[in-house]
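Encoded as C-alpha cells, the structure appears first; notes follow it.
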Amino acid sequence: KMFSDTAFVRDESQEDITTEHSVSHSQITRLYSRFTSLDKGENGTLSREDFQRIPELAINPLGDRIINAFFPEGEDQVNFRGFMRTLAHFRPIEDNEKSKDQNGPEPLNSRSNKLHFAFRLYDLDKDDKISRDELLQVLRMMVGVNISDEQLGSIADRTIQEADQDGDSAISFAEFVKVLEKVDVEQKMSIRFLH
Amino acid sequence: MRQVSGVALLLGLMALPAALGQRSSESPKYSNQSFAIVSFKWDHVKEPYIIALWILVASLAKIVFHLSHKVTRVVPESALLIVLGLFLGGIVWAADHIASFSLTPTVFFFYLLPPIVLDAGYFMPNRLFFGNLGSILLYAVIGTVWNAATTGLSLYGVYLTGIMGQLHSGLLDFLLFGSLIAAVDPVAVLAVFEEVHVNEVLFIIVFGESLLNDAVTVVLYNVFDSFVAIGAANVTGIECLKGIVSFFVVSLGGTLVGIFFAFLLSLVSRFTKHVRIIEPGFVFIISYLSYLTAEMLSLSAILAITFCGICCQKYVKANISEQSSTTVRYTMKMMASGAETIIFMFLGISAVDPDIWTWNTAFILLTLVFISVYRVIGVIIQTWILNRYRTVQLEIIDQVVMSYGGLRGAVAFALVALLDKDKVKDRNLFVSTTIIVVFFTVIFQGLTIKPLVQWLKVKKTEHREPKLNEKLHGRAFDHILSAIEDISGQIGHHYLRDKWSNFDRKFLRKILMRRSAQKSRDQILNVFHELNLKDAISYVAEGERRGSLAFIRSPSTDNTVNVDFSTPLPGTVESSVSYLLREKAGPVCLDMQALEQRRKSIRDTEDTLAHHTLQQYLYKPRQERNSSVIPNGNIPSENPVQDFTLKEKDLEFSESEENNDYETLHLGKGVNFLANVTKQNFTDTPAGDMDHDVEMTEYSSSDDQLNQNGNVSVNPLHFFPSCLQMPWTQNYSSLENRGNISLSAVSEYIASCDPNVPDLFWESGTDMNNKETVNSGYCSEVSFKSENSQEENTLLMFEGLEDSYIKEPQEKKMLLDIEGNYRSAAARRVQSRRSFHRPKPLHHPKLQKLASLPASCHVPPHSLEQEETQL
C-alpha cells in the first residue's frame, strides 16, 4: 500500500510540475530520485536537517540562507512540489519564452524572479529592504575572517551608497534591480539541470 | 617535433658567434697595420644590426599606420603589415635579386611565437576560459581533426579527377597538407579579433580554440610527416594507433609541463621580496623554459606556455610588487605586439621569393573553398551538439563569426616551411598555397569581419566601471548556484569551481602566495580598493577643474610663514623625497641595491599614506563618521590612535609580515598623522562646524573654496558628484583618452606643476644650503657620501621616515612637540596646509597604479595593443 501511494503521488505531481515549470520528464525523474535520496525520514518531505546533510552545502557560506529559501514562511518541511518550485528559479530562459505573452503569470525563472530570490537571501527581516546590518552579515559570510569589521563596514556602506537612490541608507528591491541592470542575471543565475 | 632544418637564418641569433669568430680570425691581419682610430666593422655588427633595423622598421610602420585613423579603422594592422612586407620584400629583391630574408621556422617557433602565447596565457580571463573549456576543447580537437581530414581528403578526391594536372603527391601528402592548413592560428585570430571587440564568450571560444588546437596540429603534422617519410605502403594500424596515443601524450604532457613550471614560477615569486629588480625576469624566463622543455620532450610547447601563464597568473600577480606587475604587463605586451608585428611583416617579405612559387590554380582555389566550407560545416555541427549542453547558447550569428574567424596564419606557414623537399615532392606548391591562404584569410577576412560583425549586430563587449554591488552580488550568485547544484545533486561548473576554490584556499594559496597576499586577495576588497583609488583621482581632477589646486601648488604668499618651521615635517619631506627620487635619482643612481631599498621604503610610506588618505578623507563609513567627529572639541586621546594603527595593519596591501621595523614606522606615522588630524579638528574648526565630518573639516581648513562646497554635503561621495558619475572604465585606452578627468590630464597636470613643488618644500622645510645640494647631483652625492655632515639632514629625509622615528627619538619628539604647540593662527593654517600636502605624493604612484590596475576579464588579452598613441 505504501508503495502505491508514493507512486501515485509521484505520478500526479510529476505531471503537474512538468507542465508548471516546463521541465522535461527525465529531469523530473532525476530530481525526484535526488529528492528521495535526500529524504532520510522517508515521509515525502525534506526538513532542514535533510539539506544540512549535504556536505558541500555545509561549507557554502550562504548555505543556511539558501536552505531557508526552500521553506515557505513558518514551515519546516518542504514537499517535492515546493522543492521543484524553488529549483525552477534557476532554469535557463528558453528562446521561446522570451517572446511569450505578457499577460500570463510571470514564470519563476524570469529575470525578476531570479533577482528576487537573491534579494530575499539578504533581506532577513522581510521588509523589502537590505539594510546595512543585513548586508554586513552576508559580507562577513562571503568575504571571510581576514578582514576587519571596520573595513567590512566601509565596504557595506559603499555598496549601499552605490545602489541607494532614495537616500534611506538601504537597498530596496527596485534599487537592487537597477544596480544590477547591466549584469547578465539570466545567465549568472541559471543552471542546466541534467536530464 | 618541428625538427628545424638547417635553413639559412636571417634573424638567427646564432649567427652572432660566427660573426665574432670571423672577426677574431681576421684580427692578425689587422695587427700588422697601424692602429686605426676609427674602423668600419660592418661584419662585426651585421646580424644584430639587421635584426634591430627590421624591428625598427616594423615599429615605425606601426606608427605610420596609426597616423591615419581612417585606415586603421577599416584595415586591420596585420593586413597592413603584410602589404608592407610585400613592398619591402619587393625593394630588397629589386636591389639584390636574392630573397635573403624570410620567416624561418626556428626564429618563429623559438623567438616570435612564445611571447605572443605567453601574453595570451598570462592575461587569459581564467574564469571565462575554464567556463567554456568544454566547448573550446571540442572545437580545438574535433574541429581541427575534422578540418584536416575533410580538406585533405577532398583535395585528394579532386586530384584524382585530374583537374589539378599531374602532381607528385599521394593521399598522405594531401592529408599532411590538410593537417597543417587546418589549424586556426592564434596570432592571426588575436590580431584581427582584438580590433573587432566581439563579446567575450565568442572571443574566448575562437581564441581558445586557436591556442589549444596546437596539440592536434602538432600531432597530425608529425604523424603524417612520418607516414610520408616511411611511405604509404608501410603504414599499419599500429602506426595509426600510435598516432592517437601520441595525441594524448603530446597534449596532456604539454599541459603538465606548463602546470609544473607555473607552480615553480609561483613558488619562486613568493621569495623575491628582496630582489624586486629582477622579479619580472622570473616570469619570462621560467615561462620560456616551460616552452623549451616541452619542445625538448617533443610535447606541445604552445600548450605548455599557455597553461604556464594561465596557472601562474593569480599567484604571481599576488606575490610580485605593484611595480613589477606593471613591468611584467608592459614588457609582455610590448614583446607580444612586437613579435606579432615582425611575424606579419616577414610573412609579407617571405612571399617575395620566386623560388618558392608554384602556381596551380585549381589546387589553390579549391583549398580556399574547402577550408572555408568545411569550417562552416564543422562549426554548425559542433555547435548543434554543444548547444544541448550549454547554458549560454551559441546563436546563428555567433556561428557565422566563428566560422568566419577561422583565420590561418604564421603557424601554418612555419610548418609548411619545415617540410622536407626530398620527402614531400610538392612542397613548393604547398608553400605557395599556404601563403595564399594566409594572405586571403588575414587580409580579406580580416578586412571584412568588422563590417560583418556590425552588420550582424553581434553582441560586443562593453567596458564599464566595476561596481561593488555587481561584484558582491555576483559572488552571492555563485554561491547560490553552487548550492543549487549541490542540492539537485549534479556536478556542474559551479560545483567544480567551488571544489577548486576550496582546494586553492586550503592548500595552493598557502604554498604559493605570500602571507600578506593571502589576506588581501579578495576580489570584493580589490574592487573596493580600486574604487577608493578612483575617488582619490577624481578628487584631484575635481580640484583641478575648479581651479583650486592650492593644495598642490602652494601660493607664494605663504612662504614667509613657512620659515617659522625649520624642522622638516613628515609631509613635506615625503613629497619632496618622493618626487626627487622619482624624477632625478632613478636614472642616475647606479647602486641598484640602495635604490631598491630607498624605493621600497618610500613605496611603503606612500602606500601607508594612500591608505590613510583614502580611509580618512575619501571614504568614511557613515556610522564611523559620527563616532570620529570630535564631540565638543575634545581630542580623543588613546582610542583613535589604537584604532588607526589597527586599520593600518588591516589595510596593509604591501607586505609587512617580515619587517618589524616597518610596523614600527607605520605605528609612528599613524600616531603622528592622527595627532595632526585631531589637532586640526580641534584648533582650526569653529565650534559650530564640529558636527561636520573629519574629512570636511580637513578640507575646509585648508581651502576656502572647497570649504563652501564641503559644508553643503554630508555625504563624502557627493562631495565630487560629477567625477563620480564619470564612467571609469578599466580599458587602458579609454582611461588615457578620457577628456577632462582623465588620467593623462591629471598626470600631465601634476607633471606641469610639480617642478614648483619641491622648491617650495625646500624653502619651507630646509635652509638654502640643502636646497643647493639637492639641485646639484642630488642622488650621487647623497647615496655615496653619507658621512658628510651637511648631507645628514638630506639623507635622513631621503632614506624615508623610518629613520627619523627609529634612530632619532628626539627628532620624533620634536615633531610631535611642534604639532602640539601651535601658537599663531598663521602657523596653524600653514600646518593644516602642510598636512594637506601629505597625501600629495600618492598621486604619482597611485596614478601609475591605476594605469596598472588589475585588468579585469573585460579587457581582452591583447588589448593593450590598442593603446597606441592617438595622433
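In what follows, chains are A, B, ... by sequence order, proteins preceding strands, each numbered from 1.
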TODO: Measure distances from A/Lys114 to the heavy atoms of chain B and classify the residue's part below 4.5 Å as side chain, backbone, both or neither.
DONE: neither

TODO: Give the member of B/Ala476, B/Ser488, B/Gly474 that has the highest number of heavy-atom pairs under 4.5 Å with chain A.
DONE: B/Ser488

- [ ] Carefully, step by step, assess B/Glu485 and A/Ile191 under the rule side-chain contact (heavy atoms from CB on, under 4.5 Å).
- [x] CA-CA 8 Å; B/Glu485 280 186 355; A/Ile191 62 168; 3.7 Å; yes

Task: Sub-4.5 Å side-chain heavy-atom contact between B/Asn532 and A/Arg158 - done: yes

Task: Straight-line distance of B/Phe477 CZ to A/Leu62 CG, nearest 0.5 Å - done: 11.5 Å

- [ ] For each of A/Leu180, A/Leu46, A/Ile54, tally heavy-atom pairs with chain B at distances under 4.5 Å, and name the one with the top tally.
- [x] A/Leu180

Task: B/Lys499 portion near chain A, given a 4.5 angstrom heavy-atom threshold - done: side chain

Task: Intermediate values then yes/no, side-chain contact (heavy atoms from CB on, under 4.5 Å), A/Glu162 and B/Leu531 - done: CA-CA 11 Å; A/Glu162 197 178 73; B/Leu531 288 169; 3.9 Å; yes

Open item on the list: My understanding is that only one of A/Met189, A/Arg65, A/His89 makes a side chain to side chain contact (heavy atoms under 4.5 Å, CB included) with B/Ile480; could you say which?
Closed with: A/Met189

Open item on the list: How long is the straight-line distance from CG of B/Asp486 back to CZ of A/Phe51, given to the nearest 0.5 Å?
Closed with: 11.5 Å

Open item on the list: Could you walk me through whether B/Asn469 and A/Ile171 satisfy the side-chain contact (heavy atoms from CB on, under 4.5 Å) test, starting with their C-alpha distance in whole Å, then the side-chain angles of each, then the deciding distance to 0.1 Å, before giving a yes or no?
Closed with: CA-CA 10 Å; B/Asn469 272 285; A/Ile171 304 177; 3.9 Å; yes

Task: Portion of A/Leu57 that has a non-hydrogen atom of chain B nearer than 4.5 angstrom - done: both

- [ ] Counting only heavy atoms closer than 4.5 Å, note whether B/Asp478 contacts chain A via side chain, backbone, both or neither.
- [x] neither

- [ ] Heavy atoms only: give me the nearest A/Lys182-B/Glu470 pair and the separation to one decimal.
- [x] CB-OE2, 4.1 Å

Task: Contact origin within A/Ile67 toward chain B - heavy atom pairs under 4.5 Å - done: neither

Task: Working for side-chain contact (heavy atoms from CB on, under 4.5 Å), residues B/His473 and A/Leu115 - done: CA-CA 10 Å; B/His473 304 318; A/Leu115 280 173; over 6 Å; no

TODO: State, yes or no, whether a side-chain contact exists between B/Ile487 and A/Thr86 at a heavy-atom distance under 4.5 Å.
DONE: no

Open item on the list: If I take atom OG from residue B/Ser482 and atom CD1 from residue A/Ile59, how far apart are they, to the nearest 0.5 angstrom?
Closed with: 9.0 Å

Task: Gap separating the CZ atom of B/Arg390 from the CD atom of A/Gln187, nearest 0.5 angstrom - done: 8.5 Å

- [ ] Considering only heavy atoms and a distance below 4.5 Å, find which of A/Phe119, A/Phe176, A/Phe117, A/Phe35 pairs most often with chain B.
- [x] A/Phe176

Task: Under 4.5 Å from a heavy atom of chain A, the part of B/His493 involved - done: neither

Task: Engaged part of B/Tyr389 at the chain A interface, taking heavy atoms whose separation is under 4.5 Å - done: backbone

